[in-house]
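Working notes, structure below.
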Amino acid sequence: HSGGMYENYYLHIFNNTRRIIADCDQKGTLGLSGVMRVVQAYGTLMTTDAYGPLAYSSILSGEYESYYPFDSQQQLFVAMLKDLEKAITDIKGMSEGEKVTLATFDCWCNADTELWVKVANTLRLRMALRLSKREAEMKEAGIDLKQVATEAAANTLATVNTDIVIDKSLENEMRLMFNWGDCGFNANLVTLMTGMKDPRQPLYMTKNIKDVTNLEGKVVVPANTQYLGIRFASGLPGKPNNWANFSQWIDPQNTIGVYSMPLPIFKAAESYFLLAEAKLRWDIGSASVQSLYEDGIRVSMANELSYRGKYAGVDAYAAGAVDEYINGTTTQVDFEDPVDPKLNTPAVNKLCVKWDEGASNEEKLERIITQKYFALFPLSIEAWAEQRRTGYPHLFPAYVDESNGGVNKEEGVRRVIYSSNAYDTNAQGVAMGRELLNKENSSKNGISGDKGGTHLWWDNANKGNF
């Protein structure tokens, strides 16, 4: 399973974007090249955030045939940021003929070139903050992250509040995974949303779909009465099991048509939380951190209801619910597993939603990232990357550890291991990738190499958030 993203990136994203970019560059249709550069950076960012070093420039160069050397994660970020800067310039200069061509295939922005520029800038801001613990190293490489963030912040998705979703009646893989019984909602998300009384919860998940029985066979949670998540690394038995009737993806029987629900690419709400952190960290922009934080929550509430509401059977929030949430003072509830009490564990997040201007920068960041974590759903790679970077929200510790020392139980998984296909097809390149991993690794737990506990370059254990 660790190879799914790796192989999809190389076969279906990078393999196509690089060819289209080269072809459009040759033809002089640079605006279309720019669009593909944004898509390529989006896919590359997700993939390096999961694995670390990747074969990238060696493939683009066309100079290698028998193997492809890997780039370090720093080299990848430098390349992506430069690509996005060029993409913005070229998209702004797109010809009318190119716009006609773009309209025939654009399922992200519907040929709105201004929207493409906003996506690129939001992506630049995301990257600048991802590298917050490597600011000095990036400056040495010729990139001033504060400057990048300042330029990008002026024109993000926050200027239009538009989510980027693919609405082409494609099959929704998230629904499929739940339908197969391979997925359950993580207890971290469920207990946070439940404790904070988040109005979006019924838009994200059902309550338990059937009666839940304990290990003795007694019904302990009647059907459709509680939001129930599964604790990470619980060591559950194979399916079917007693946890199968916990919370599921909305419209589990596909009666409303969730099978073809729009697929989110970029959430406008994320841009507000990025701007909030950029203000907190670098004093960028005139809006206050609090206003950006609260606006991010409001935009998320509105947009999630707009595109998920009909599939969840929710037409509107209760009167005043959004304001009540923003001013809420409740916190995460303890996790109590109704099937097996030995999995119970106390809440690890103690902050409420309500903004506290007198709080430390650390607590302000924790609130920002926790709300971003909710707003990003189900964009799990991005949410996971931000959790690793900042430590927020705090996650329940693993109950079992079957990593054979490859992952620290308290720290959790830091990356995905390279796929067997990568070893089979590019063994020499992967060996170089492992060397780069070790060079960039900052784990304090004695873990290194192609293991889940190895730290990526931006996941710098030697530096705090501020």
Side-chain angles (χ1 to χ4, degrees), residues 9 13-14 17 34-54 56-57 71-89 91 108 116-158 164 265-282 284-285 365 368-369 372 375-376 379-390 415 440 455-460 463 465:
Y9 167 71
I13 300 178
F14 192 40
T17 55
V35 166
M36 286 296 101
R37 281 189 166 89
V38 176
V39 175
Q40 183 167 279
Y42 179 91
T44 303
L45 177 63
M46 281 199 300
T47 310
T48 185
D49 282 348
Y51 296 95
L54 299 171
Y56 186 78
S57 63
D71 291 318
S72 70
Q73 191 166 68
Q74 181 176 14
Q75 290 172 322
L76 291 168
F77 270 89
V78 169
M80 288 186 289
L81 285 167
K82 288 182 177 178
D83 255 4
L84 287 171
E85 187 175 5
K86 175 172 174 52
I88 289 171
T89 298
I91 292 170
W108 279 27
W116 273 106
V117 170
K118 296 179 193 300
V119 170
N121 272 321
T122 308
L123 197 52
R124 291 173 75 207
L125 185 55
R126 180 194 280 185
M127 290 182 186
L129 288 167
R130 181 82 85 253
L131 298 174
S132 60
K133 294 181 180 180
R134 293 293 187 181
E135 194 171 355
E137 292 90 338
M138 288 300 288
K139 186 164 286 189
E140 290 177 3
I143 294 180
D144 185 327
L145 294 179
K146 181 178 178 181
Q147 181 180 339
V148 170
T150 301
E151 294 171 358
N155 189 20
T156 68
L157 290 171
I164 307 302
I265 299 295
F266 232 123
K267 303 289 190 74
E270 181 192 348
S271 61
Y272 283 93
F273 298 117
L274 292 170
L275 291 167
E277 184 180 348
K279 179 67 175 179
L280 180 68
R281 183 177 297 283
W282 290 315
I284 293 173
L365 181 65
I368 292 167
I369 301 300
K372 186 200 288 192
L376 283 168
L379 302 178
S380 56
I381 293 296
E382 182 59 27
W384 180 39
E386 288 295 81
Q387 197 284 326
R388 285 175 286 162
R389 175 177 72 93
T390 65
R415 61 178 293 275
E440 297 181 338
H455 281 236
L456 303 184
W457 181 67
W458 53 252
D459 184 13
N460 186 359
K463 190 170 183 179
N465 286 318

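By convention here, the first residue in the shown sequence is residue 1. The figures here come from the full heavy-atom set of this structure, side chains too, leaving out hydrogens, waters and symmetry mates.
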Q.
Whether the side chain of Asn465 engages the backbone of Thr390 through a donor-acceptor N/O pair (distance < 3.5 Å, no angle test) should be reported.
A. yes
Q: Could you tell me whether a side-chain N or O of Tyr9 sits under 3.5 Å from a main-chain N or O of Gly43, the two making a donor and an acceptor?
A: no
Where do [X] and [Y] come nearest, in terms of heavy atoms and distance?
X	Y	result
Trp282	Ala149	CZ3-CB, 3.5 Å
Ala87	Gly34	CB-O, 3.4 Å
Leu376	Glu270	CD2-OE1, 3.6 Å
Ser132	Arg389	OG-NH1, 3.0 Å
Leu275	Ala153	CD2-CB, 3.4 Å
Ile381	Met46	CG2-O, 3.7 Å

Q) With Glu85, which residues qualify under side chain to side chain contact (heavy atoms under 4.5 Å, CB included), at least two apart? A) none
(Q) Under the rule for side chain to side chain contact (heavy atoms under 4.5 Å, CB included), what residues qualify as partners of Ser72, not counting sequence neighbours? (A) Gln74, Gln75, Leu436, Glu440
Q. In a check of side chain to side chain contact (heavy atoms under 4.5 Å, CB included) between Phe77 and each of Leu45, Ile143, Thr44, which one passes?
A. Leu45
Does [X] reach the side chain of [Y], with side-chain heavy atoms less than 4.5 Å apart?
X	Y	value
Thr89	Lys86	no
Phe273	Glu386	no
Trp458	Lys133	no
Asn121	Val117	yes
Thr17	Arg37	no
Leu125	Thr156	yes
Ile265	Val119	no
Leu84	Met127	yes

Could you grab the distance from atom [atom1] of [X] to atom [atom2] of [Y], nearest 0.5 Å is fine?
X	Y	atom1	atom2	answer
Glu277	Leu129	CD	CG	4.5 Å
Asp71	Tyr56	CG	OH	9.0 Å
Arg415	Tyr51	CZ	OH	9.0 Å

Q | Test: Arg126 cationic atom under 6.0 Å from Phe266 six-membered ring centre, within 45° of axis | A | yes
Q) Any Lys/Arg nitrogen of Arg130 or Glu382 sitting under 4.0 Å from an Asp/Glu carboxylate oxygen of the other? A) yes
Q) Salt bridge check: are Glu135 and Lys463 linked by an N-O gap of less than 4.0 Å? A) no
Q.
Quick one, Leu145 with Arg134, criterion side-chain contact (heavy atoms from CB on, under 4.5 Å). Give me CA distance, side-chain angles, the key distance, then yes/no.
A. CA-CA 9 Å; Leu145 294 179; Arg134 293 293 187 181; 5.8 Å; no
Q. Can a donor-acceptor pair be found between the side chains of Trp384 and Asp49 at a distance below 3.5 Å?
A. no
Q: For the pair Trp108 and Trp116, name the ring-plane relationship: parallel under 30°, tilted 30 to 60°, perpendicular over 60°.
A: parallel
**Q.** Working for side-chain contact (heavy atoms from CB on, under 4.5 Å), residues Ile164 and Leu157
**A.** CA-CA 9 Å; Ile164 307 302; Leu157 290 171; 4.3 Å; yes
Q: Apply side-chain contact (heavy atoms from CB on, under 4.5 Å) to Arg124 and Ile88, showing your working.
A: CA-CA 11 Å; Arg124 291 173 75 207; Ile88 289 171; 3.7 Å; yes
